[in-house]
Amino acid sequence: MNGWPLAVLRRMSWTPDEETLAAIRHLAIQNAIEYEGKAVPGSVIGRVMATMTDLRQYGNIVSPMIIQAVKEANSIAAAQGVNALIEILQNEAPHLLVKREKKERRTGLPELVNAVKGEVVLRFAPNPNGPLSFGHARGLVINSTYAKEWDGELILRFDDTDTTVKPPLLSAYQQIPQEAEWLIGFKPHRIVIASERMTHYYEHAVQMLNEGFGYVCQCSGEEFKKYRQSKTQCPCRDNSANMNLELWKKMNDGTFVPGDAVVRVKTDMEMKNPALRDWPALRIQDTVKNPHPREGVGSKYKVWPLLDFQSAIEDYLQGVTHIIRGKDLMDSTRKQTLLYQHFGWKYPETMYWGRVKVHEWGGFSTSQMRRDIEAGLFEGWNDPRLPTLSALKERGITAQALRNFWVELGVTQKDISVPLSTLYSHNIKEIDATAPRISFVKNPVQISLRGECPDSISIAVHPNDKSMGQRIFELTDNSVYISSDDQQNEVRLKDFCNIITDGNSAQITSTERMDNRPIIHWVGSNCVDAELIVVEEGELVSITGKMEMHEYPIGTALQLERIGYGIIVAENKIVFTHN
């Protein structure tokens, strides 16, 4: 690919106009007035991005401007008082002095119904057919947030009773708890593995058969579908308890093979919702052909619970008080409630959320990602193109940004469509204040400088935090590297000087900025060869260039000047995070 990705090029060529700068300044002053001379950068960033949404794509340029505007507003308040700020707005932006109406809006998550402090038990139950994805993060964040708020417990439960359609991945059993702890900041209070608790499901299946609210059905899938559609009972429904127990034995001893029989929960074949009519609870799986990967499980069991049954039994045994799930699982709630009524149990309080679609990701699923990785289409679960937690972490997305993103969306049954820039805006708030600034020059050309040139230039590592130290650009050979794309006639080397270029040499005309000529980034002689990895239109693009020398460790989040944020993944190798 020739040139920068389009998104990066647009950002690199953008500079705010005077109207935008004034609007940022006025919002900072407004915030300082509201907070008695102590404006809060995060609050102003949120207000700017909310009122001027077109600026979100330029977050790494705008955020430092906002922080500087906040400092200036607070400085005026400290020196001259809040009235001085009020006077400025009266003269320049009087509409911002109108008291903003405070809408009654709940912040954070909605209240848990019938919750008791210290007694709340929630669960996050992924299928370990792969590590956690961006979508999994929602359940993990929401449930863990409630658990902390109510001094309750969070259970991590592996729903791993399907060895055929979604076979478990052995490495996921170790990776998922690690990813969960990284995301939520603490270890789940309990870890439950369904495949190691089969005896409990068997005990309850036998109880169903003994007490007559379950039966073994030998009808084929097509045959039972006709009974369901006609709202009539299948002949197996009238089996005696002894007959059902005999058939149950044949399901377990190998007499029956997959498809010969299932255990069903008796409900009512005339229920309005067809999915609830005598729903299947346990079936036979070919674990010789598809053994379970966990040691000690393998081919030990032939009969396995379906998810609605297994989850319902486990929720009861673990004392789950609240279930938070997608609205597409409302039928699961109805099925499980009917089962609980048979057993004489009280069903947990239940909340639902709608679907969240991220424009840029489309329809990734763990199963499809696994197939694509195994086919060599991706480099692994942490490939920057994938929406897995490991990939997001590798790209420099912080756990706090993910938590803030999901808590902000909350728990609503409304389907939501959001751009990735929403997540990125949360991430910028987390990393901007501590991300060192660094210069990376693509397609570098060496330019010899003529005129008065110092031996080195010292620039702040972070413009708003002097304690982070200085960056030293060596100029001992009177030359710099700039991008071939920036070889214009008159430019300014950022934080250094104005130059007029002539081929591979340039004349220094001034160290002071005296006009609006383009500002370009550059590196001195103390630079290193480096690589920047960018995701562009679903492909990984490697961009080589020169980068200023540094000693930051792997995992450090950086702001690449005029490019965006990135994270060091290897020596002199950076993965692009976002603008």
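Keep in mind that what you see is a predicted model, and the values were worked out from it rather than measured. Residue indices begin at 1 and follow the sequence shown.
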**Student:** Where is the tightest heavy-atom contact between P131 and I176, given as atom of each residue plus distance?
**Tutor:** CA-CG1, 4.1 Å
**Student:** Do you see a donor-acceptor pair shorter than 3.5 Å between the side chains of D432 and Y565?
**Tutor:** yes
**Student:** Applying ring-ring contact (aromatic ring centres under 6.0 Å, His included), can you list everything that pairs with Y35, at least two apart in sequence or on another chain?
**Tutor:** none
**Student:** For residues 398-416, which residue pairs qualify under salt bridge (charged side-chain N to carboxylate O under 4.0 Å, His left out), counting only residues two or more places apart or in two chains?
**Tutor:** K327-D415
**Student:** Determine, step by step, whether L122 and V320 satisfy the side chain to side chain contact (heavy atoms under 4.5 Å, CB included) criterion, reporting the C-alpha distance in whole Å, the side-chain angles of both residues, the deciding distance to 0.1 Å, and the verdict.
**Tutor:** CA-CA 6 Å; L122 302 117; V320 171; 5.9 Å; no
**Student:** Where the side chain of Q68 meets the backbone of N464, is there a donor-acceptor pair that is under 3.5 Å apart?
**Tutor:** no
**Student:** Can you list everything that forms a ring-ring contact (aromatic ring centres under 6.0 Å, His included) with Y202? Sequence neighbours excluded, please.
**Tutor:** W248, Y301
**Student:** Taking side chain as C-beta onward, heavy atoms only, is E394 less than 4.5 Å from S390?
**Tutor:** no
**Student:** Given 3.5 Å as the limit, does a donor-acceptor pair link the side chain of E360 with the main chain of L420, or not?
**Tutor:** yes
**Student:** Can you tell me which residue pairs pass the ring-ring contact (aromatic ring centres under 6.0 Å, His included) test with a partner in residues 366-388, sequence neighbours excluded?
**Tutor:** none
**Student:** Testing the basics here: between Y146 and L112, what is the closest heavy-atom pair and its distance to 0.1 Å?
**Tutor:** CD2-CG, 3.5 Å
**Student:** Can you tell me which residue pairs pass the salt bridge (charged side-chain N to carboxylate O under 4.0 Å, His left out) test with a partner in residues 569-579, sequence neighbours excluded?
**Tutor:** none
**Student:** Would you please classify the geometry between the F309 ring and the W279 ring as parallel, tilted or perpendicular, with 30° and 60° separating the classes?
**Tutor:** tilted
**Student:** Can D162 and N127 be counted as having a side-chain donor-acceptor contact under 3.5 angstrom?
**Tutor:** no
**Student:** Between the side chains of Q175 and E179, does any donor sit under 3.5 Å from an acceptor?
**Tutor:** yes
**Student:** Taking the side chain as C-beta and beyond, is there a heavy-atom pair between P293 and L169 under 4.5 Å?
**Tutor:** no
**Student:** Is the shortest side-chain heavy-atom distance between L27 and I66 below 4.5 Å?
**Tutor:** no
**Student:** Can you measure from CD (Q559) to OG1 (T577) and round to the nearest 0.5 angstrom?
**Tutor:** 11.0 Å
**Student:** Going by side chain to side chain contact (heavy atoms under 4.5 Å, CB included), W353 matches just one of D328, T412, I142. Which one?
**Tutor:** I142
**Student:** Going through the checks in order, is the ring-ring contact (aromatic ring centres under 6.0 Å, His included) test met by F134 and F405?
**Tutor:** CA-CA 11 Å; F134 176 74; F405 174 87; 5.5 Å; yes
**Student:** Does a side-chain heavy-atom distance below 4.5 Å link I184 with L154?
**Tutor:** yes
**Student:** Just how far is it from atom CE of M547 to atom CD of E531, taken to the nearest 0.5 Å?
**Tutor:** 10.5 Å
**Student:** At their closest point, which heavy atom of V113 faces which heavy atom of E349, and how far apart are they?
**Tutor:** O-CG, 3.6 Å
**Student:** Please examine the side chains of H292 and T287, heavy atoms only from C-beta on, and report whether any two atoms are closer than 4.5 Å.
**Tutor:** no
**Student:** Contact between V121 and I155 at the side-chain level, heavy atoms closer than 4.5 Å - yes or no?
**Tutor:** yes
**Student:** Shortest non-hydrogen contact from I563 to L532?
**Tutor:** CG2-CD2, 4.3 Å
**Student:** Would you check, one step at a time, whether the test side chain to side chain contact (heavy atoms under 4.5 Å, CB included) holds for L540 with D383?
**Tutor:** CA-CA 9 Å; L540 287 180; D383 189 302; 4.0 Å; yes
**Student:** With no hydrogens and no angle check, just 3.5 Å: does a side-chain donor-acceptor pair link R157 and Q318?
**Tutor:** no
**Student:** Is the shortest side-chain heavy-atom distance between F124 and L132 below 4.5 Å?
**Tutor:** yes
**Student:** Hey, could you give me the CD1/CG distance between I428 and L423, rounded to the nearest 0.5 Å?
**Tutor:** 10.0 Å
**Student:** To the closest 0.5 Å, what do you measure between CG (L183) and CD (Q178)?
**Tutor:** 14.0 Å
**Student:** Determine, stepwise, if the pair S439 / E548 fulfils side-chain hydrogen bond (donor to acceptor under 3.5 Å, both in side chains).
**Tutor:** CA-CA 6 Å; S439 184; E548 65 178 273; 4.9 Å; no
**Student:** What are the two closest heavy atoms between L306 and P280, and how far apart are they?
**Tutor:** CD1-O, 3.4 Å
**Student:** Under 6.0 Å from the NZ atom of K429, do we count more than 12 heavy atoms belonging to anything else shown?
**Tutor:** yes
**Student:** Looking at Q413, I want to see if its CD is surrounded by more than 12 non-hydrogen atoms of other residues, nucleotides or ligands under 6.0 Å.
**Tutor:** yes
**Student:** Taking I416 as the fixed residue, which of L409, V358, T422 is the one that meets the side chain to side chain contact (heavy atoms under 4.5 Å, CB included) rule?
**Tutor:** L409
**Student:** Do D160 and S195 get their side chains close enough for a donor-acceptor pair, meaning under 3.5 Å?
**Tutor:** yes
**Student:** Would you tell me whether D159 and S311 have side-chain atoms, one donor and one acceptor, within less than 3.5 Å of each other?
**Tutor:** no
**Student:** Given 3.5 Å as the limit, does a donor-acceptor pair link the side chain of R190 with the main chain of L156, or not?
**Tutor:** no
**Student:** Can you tell me how the ring of H204 sits relative to the ring of F343, calling it parallel under 30°, perpendicular over 60° and tilted otherwise?
**Tutor:** perpendicular
**Student:** Check the pair L339 / Y316 against side chain to side chain contact (heavy atoms under 4.5 Å, CB included), numbers first and verdict last.
**Tutor:** CA-CA 11 Å; L339 182 65; Y316 173 75; over 6 Å; no
**Student:** Counting only heavy atoms from other residues, nucleotides and ligands, does the tally under 6.0 Å from NZ of K117 exceed 12?
**Tutor:** yes
**Student:** If you apply the rule side chain to side chain contact (heavy atoms under 4.5 Å, CB included), what do you find for W304 with M198, and how did you get there?
**Tutor:** CA-CA 8 Å; W304 288 79; M198 294 288 286; 3.6 Å; yes
**Student:** In the structure I gave you, are the side-chain heavy atoms of I323 and T333 within less than 4.5 Å of one another anywhere?
**Tutor:** no
**Student:** Is D286 reaching over with its side chain to a backbone N or O of P258, donor-acceptor style, under 3.5 angstrom?
**Tutor:** no
**Student:** Within the supplied structure, the quantity of interest is the number of heavy atoms (other residues, nucleotides, ligands) at a distance under 6.0 Å from R355 CZ; does it exceed 12?
**Tutor:** no
**Student:** Using only heavy-atom distances, determine whether the side chains of T161 and Y201 contain a donor-acceptor pair under 3.5 Å.
**Tutor:** no
**Student:** Supply the atom-to-atom distance L338 CG to Y347 OH, rounded to the nearest 0.5 angstrom.
**Tutor:** 10.5 Å
**Student:** Among L402, I567, I431, find the one that has a side chain to side chain contact (heavy atoms under 4.5 Å, CB included) with I397.
**Tutor:** L402
**Student:** Would you name the heavy atoms of P177 and A172 that are closest together and state the gap between them?
**Tutor:** CD-O, 4.0 Å
**Student:** Using side-chain hydrogen bond (donor to acceptor under 3.5 Å, both in side chains) as the criterion, list what pairs up with S133, not counting sequence neighbours.
**Tutor:** H136
**Student:** For the backbone of P348 and the side chain of T350, can you confirm whether one donor and one acceptor N or O come within less than 3.5 Å of each other?
**Tutor:** yes
**Student:** Measure the spacing between CZ of R138 and CD1 of I324 and express it to the nearest 0.5 Å.
**Tutor:** 10.5 Å
